[in-house]
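What you see is a predicted model, and the numbers here were worked out from it, not measured in a lab.
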Amino acid sequence: MAKATREAYGEELAKLVVENPKIVVLDADLAGATKTAMAKKACPERFFDMGIAEADMIGHAAGLAASGYIPFASTFAMFAAGRAWEQIRNSVAYPHLNVKVCATHAGITVGEDGVSHQATEDIALMRVIPGMEVYVPCDEAETKAVIDHVAETKTPCYVRLGRAAVENVYPAETKFDFSKVNVVRKGEKVAVFACGVMVQSALGAAEMLKADGIDLTVVDVCAIKPADEAGIVEILKSHDRIFTAEEHNIIGGLGGMIAEVAGEKCPKPIHRIGVKDRYAESGPAAGLMKKYGLDAEGVYKEIKENL
């Protein structure tokens with residue numbers, strides 16, 4: 001069943017806040033949209049609505065972490081990674097405080113909210129911060145596992161979540177190891193590293209390419225940082241052509257990370273599929289994914305044209 005990763009986040013957080021008395025939840029007046037309202041309903045005494053004041057929310061989260069709590073702070077990705085970047089950098093990451101920034105409505109699938117809300121820079125912004133871990137789950141099962149994982153770590157983390165419902169890639173009972181990349185489709189010679197909703201797009205493209213005699217390997221890279229460099233190098237060495245796919249600017253995100261690993265450890269041309277250093281526009285999520293070549297057909301066409 002299709003479910004948005006933000007909804008899976010809300011469900012898992014509501015469970016964890018009951019189980020762990022150290023977890024506290026903060027939101028910037030968007031609890032209905034980010035789905036932290038589920039945690040509020042489950043445990044209202046450890047939920048704090050900070051109003052439309054994202055920087056203030058991060059400052060409070062830092063203080064709570066310094067006091068021994070495990071704060072989950074949520075708002076839209078544009079405001080979490082953009083507006084509150086300085087507070088995350090100086091108040092959370094620099095003192096290495098245990099804050100979990102779980103940002104929803106990332107990428108162009110925010111849709112009709114338009115460019116002002118379409119964060120296509122957030123992976124790059126968070127990845128560059130020293131000590132910040134970055135995760136981009138692709139479906140319900142992986143999202144819930146990521147939330148369980150970051151709740152157990154002692155490090156600042158950024159989790160990127162989406163607005164739109166996405167089809168399941170993994171069965172609910174899947175056991176995840178976030179120190180490793182996941183090969184969700186094993187092919188030959190041609191591989192694509194993908195994250196988030198682009199895992200589904202890549203799998204759809206793989207089915208189209210099969211009709212052309214191209215057997216595509218699809219690699220889900222949920223942990224952007226710390227990256228599984230050994231696993232990435234193994235794919236680079238065993239495939240002739242490499243692509244990346246992300247619902248993000250092709251600069252600084254997943255594609256940038258893969259290119260950095262390749263440049264240092266296994267030099268190879270990398271073709272990056274994503275938002276090509278431009279802004280999108282307001283419109284339905286599916287229409288935007290199609291227009292900017294990020295749906296299955298778009299990924300298929302770009303891989304075919306560049307082989």
Side-chain angles (χ1 to χ4, degrees), residues 3-9 11-13 16 72 77 80-81 100-104 106-107 109 119 122-127 129 132-153 155-186 191-203 206 217-236 242-248 252-258 260-261 272-274 294 299:
K3 180 178 287 187
T5 53
R6 62 174 172 139
E7 188 172 353
Y9 163 57
E11 291 173 358
E12 196 64 12
L13 186 61
L16 290 177
F72 281 75
K100 318 304 175 182
V101 181
C102 297
T104 69
T109 46
D122 57 310
I123 297 174
L125 287 168
M126 292 295 105
R127 189 168 78 88
I129 298 176
M132 177 66 71
E133 297 188 359
V134 180
Y135 299 91
V136 187
C138 70
D139 72 352
E140 177 183 0
E142 191 167 50
T143 298
K144 290 183 176 181
V146 162
I147 298 307
D148 290 344
H149 171 72
V150 301
E152 293 296 323
T153 69
T155 57
C157 298
Y158 179 76
V159 182
R160 186 188 212 235
L161 305 162
R163 175 188 187 182
V166 290
E167 294 297 328
N168 288 333
V169 173
Y170 298 101
E173 64 276 9
T174 302
K175 302 298 182 185
F176 292 91
D177 179 356
F178 294 109
S179 69
K180 307 291 184 184
V181 295
N182 283 323
V183 177
V184 293
R185 187 185 189 281
K186 187 170 177 57
V192 57
F193 293 94
C195 64
V197 67
M198 296 305 293
V199 174
Q200 287 87 338
S201 292
L203 288 169
T217 293
V218 179
V219 185
D220 170 26
V221 187
C222 178
I224 306 292
K225 183 186 176 187
D228 173 19
E229 294 192 359
I232 292 166
V233 169
E234 184 177 338
I235 298 296
L236 293 173
I242 303 295
F243 295 82
T244 63
E246 58 195 312
E247 187 199 0
H248 184 273
L254 169 66
M257 182 271 283
I258 298 295
E260 290 165 13
V261 174
R272 296 165 295 164
I273 300 170
L294 302 184
V299 174

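Within the model, atoms CZ of Phe193 and OG1 of Thr217 stand 9.5 Å from one another, a figure rounded to the nearest 0.5 Å. With values rounded to the nearest 0.5 angstrom, Asp220 atom CG is found 12.5 Å from Met198 atom CE. In this structure, Asp177 CG and His149 NE2 are separated by 9.0 Å, a value rounded to the nearest 0.5 Å. Arg127 CZ to Leu254 CG: the interatomic distance, rounded to the nearest 0.5 Å, is 8.5 Å.
Considering Val136, Val159, Leu161 as possible partners of Val146, the one that fulfils the side-chain contact (heavy atoms from CB on, under 4.5 Å) test is Val159. Exactly one of Val197, Thr174, Val169 qualifies for a side-chain contact (heavy atoms from CB on, under 4.5 Å) with Asp139. That residue is Val169. For the side-chain contact (heavy atoms from CB on, under 4.5 Å) test with Arg185, the passing option among Val218, Val219, Val199 is Val218; the others fail.
Side-chain contact between Lys144 and Glu11: present, with at least one pair of heavy atoms (C-beta onward) separated by less than 4.5 Å. With contacts defined as side-chain heavy-atom distances shorter than 4.5 Å, the pair Glu142/Asn182 qualifies. In this structure, Val101 and Phe72 have side chains that are not in contact, with every pair of non-hydrogen atoms separated by 4.5 Å or more. Under the 4.5 Å side-chain criterion, counting only non-hydrogen atoms from C-beta, Thr5 is in contact with Val166. The shortest distance between side-chain heavy atoms of Asp148 and Leu16 falls below 4.5 Å. Side chains of Ile232 and Ile258 form a contact here, defined as non-hydrogen atoms less than 4.5 Å apart. Annotation: side chain of Thr143 is not in contact with side chain of Glu7 (no heavy-atom distance under 4.5 Å).
The nearest pair of heavy atoms linking Cys195 to Ile123 is SG-CD1, 4.5 Å. Considering every non-hydrogen atom in both Gly253 and Ala124, the closest pair reads N-CB, 4.4 Å. The two residues Phe176 and Ala141 make their nearest non-hydrogen contact at CE1-O, 3.7 Å. Scanning both residues, Ala81 and Leu125, for their nearest heavy atoms gives O-CD1, 3.7 Å. Closest of all the heavy-atom pairs between Arg6 and Arg163 is NE-O, 3.1 Å. The minimum heavy-atom distance linking Ile147 with Cys102 is given by the pair CD1-SG, 4.2 Å.
Electrostatic pairing of Glu167 and Lys3 does not count as a salt bridge here, judged by no charged N lying under 4.0 Å from a carboxylate O. Salt bridge annotation for Glu133-Lys225: absent, with no cationic side-chain nitrogen under 4.0 angstrom from a carboxylate oxygen. At a threshold of 4.0 Å, the pair Glu246-Arg160 does not count as salt-bridged, since none of the basic side-chain nitrogens sits closer than that to a carboxylate oxygen.
Under the side-chain contact (heavy atoms from CB on, under 4.5 Å) criterion, Thr109 pairs with Ala164, Glu247, Ala285, Met289, sequence neighbours left out. Here Ala103 pairs with Ala77, Ala80, Tyr158 under the side-chain contact (heavy atoms from CB on, under 4.5 Å) rule; sequence neighbours left out. With sequence neighbours excluded, no residue forms a salt bridge (charged side-chain N to carboxylate O under 4.0 Å, His left out) with Glu234.
With no hydrogens or angles considered, a side-chain donor-acceptor pair links Lys100 and Thr153 at under 3.5 Å.
Taking the six-membered ring where tryptophan is involved, the planes of Tyr135 and Phe178 are perpendicular, since the angle between them exceeds 60° and thus also 30°.
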